[in-house]
Amino acid sequence: MTANAADFAGAACGCRYEKELETHFRDCLLFYLDGRIRFERYCYGEAACLVFSVWGSGFDAEGRILWDKEPTIEADRAVLPRVLTDIQEDGCALQFDGARKRYVKTEEFETDKANGYTPFKMFWLRRRARRQ
């Protein structure tokens with residue numbers, strides 16, 4: 001399946017998709033206007049925090065996510081979504097690796113300063129996108 005990560009980013013800076021029906025962890029995929037992808041795993045509970053995150057540079061022609069650097073722990077590598085197998089609800093739900101649990105769009109954001117998408121950077125990304 002051919003896909004472009006920027007198509008899931010919305011019109012602003014990006015969009016967050018969360019894996020549905022999760023109980024122990026909160027798995028999120030963030031798609032940015034420049035085509036970058038970020039996977040984030042958070043734990044639930046009193047000590048809720050970011051467990052790990054990985055950046056990706058987009059999709060290849062077969063729909064595989066091109067992760068920049070794989071996690072060193074095998075359990076972390078096993079939870080990464082690998083191949084986009086279905087796009088549902090006009091892009092608001094994404095299925096990876098043929099799994100039953102989907103990633104559902106939960107938020108669209110204007111900037112993401114924590115990950116380097118400041119208002120200044122977004123101004124230049126939008127300007128470049130208009131030229132193309």
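Because the structure is a prediction, the values reported are computed rather than measured.
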Give the intermediate values and the outcome of side-chain contact (heavy atoms from CB on, under 4.5 Å) for residues I37 and W67.
-> CA-CA 8 Å; I37 302 170; W67 296 116; 4.3 Å; yes

Determine whether N115 and Y32 make a side-chain contact, defined as any pair of heavy atoms from C-beta on separated by less than 4.5 Å.
-> yes

Any side-chain heavy atom of K101 within less than 4.5 Å of one from D27?
-> no

Counting only heavy atoms not in F120, do more than 12 sit closer than 6.0 Å to its CZ atom?
-> no

Taking everything shown except I73 itself, do over 12 heavy atoms lie less than 6.0 Å from its CD1?
-> no

Distance-minimising heavy-atom pair for [X] and [Y]:
X: M122; Y: C13; result: CE-CA, 3.3 Å
X: R126; Y: E110; result: NH2-O, 3.5 Å
X: C15; Y: A9; result: SG-O, 3.4 Å
X: G116; Y: K121; result: O-CD, 3.1 Å
X: A11; Y: E108; result: N-OE2, 3.1 Å
X: V104; Y: E20; result: CG2-OE1, 3.5 Å

Begin from the C-alpha positions of F59 and L66 and carry the test side-chain contact (heavy atoms from CB on, under 4.5 Å) through to its verdict.
-> CA-CA 6 Å; F59 294 103; L66 303 169; over 6 Å; no

ring-ring contact (aromatic ring centres under 6.0 Å, His included) partner of Y103, chosen from F96, F31, Y17, F8 | F96

For K105 and D90, run side-chain contact (heavy atoms from CB on, under 4.5 Å): C-alpha distance rounded to whole Å, both residues' side-chain angles, the deciding distance at 0.1 Å, then the answer.
-> CA-CA 11 Å; K105 184 176 179 179; D90 294 325; over 6 Å; no

Would you find a donor on one side and an acceptor on the other, under 3.5 Å apart, between the side chain of [X] and the backbone of [Y]?
X: D97; Y: A99; answer: no
X: W55; Y: K69; answer: no
X: T111; Y: P119; answer: no

Taking a hydrophobic cluster as the set of Ile, Leu, Val, Met, Phe, Trp and Tyr residues connected by side-chain heavy atoms closer than 4.5 Å, whether directly or through intermediates, do L84 and L80 fall within one such cluster?
-> yes

Measuring from atom [atom1] of [X] to atom [atom2] of [Y], what distance do you get when rounded to the nearest 0.5 angstrom?
X: E22; Y: Y44; atom1: CD; atom2: OH; answer: 7.5 Å
X: E89; Y: L94; atom1: CD; atom2: CG; answer: 10.0 Å
X: S57; Y: D34; atom1: OG; atom2: CG; answer: 10.5 Å

Verify side-chain contact (heavy atoms from CB on, under 4.5 Å) between F52 and V79, making sure each step is shown before the conclusion.
-> CA-CA 11 Å; F52 77 96; V79 300; 3.7 Å; yes

Qualifying residue for side chain to side chain contact (heavy atoms under 4.5 Å, CB included) with E40, from L29, V54, L50, V51 = L50

Flag the pair D112 and R16 as a salt bridge only when some basic side-chain nitrogen lies within less than 4.0 angstrom of an acidic carboxylate oxygen.
-> no

What salt bridge (charged side-chain N to carboxylate O under 4.0 Å, His left out) pairs are there with at least one residue in residues 71-81, not counting sequence neighbours?
-> E74-R77

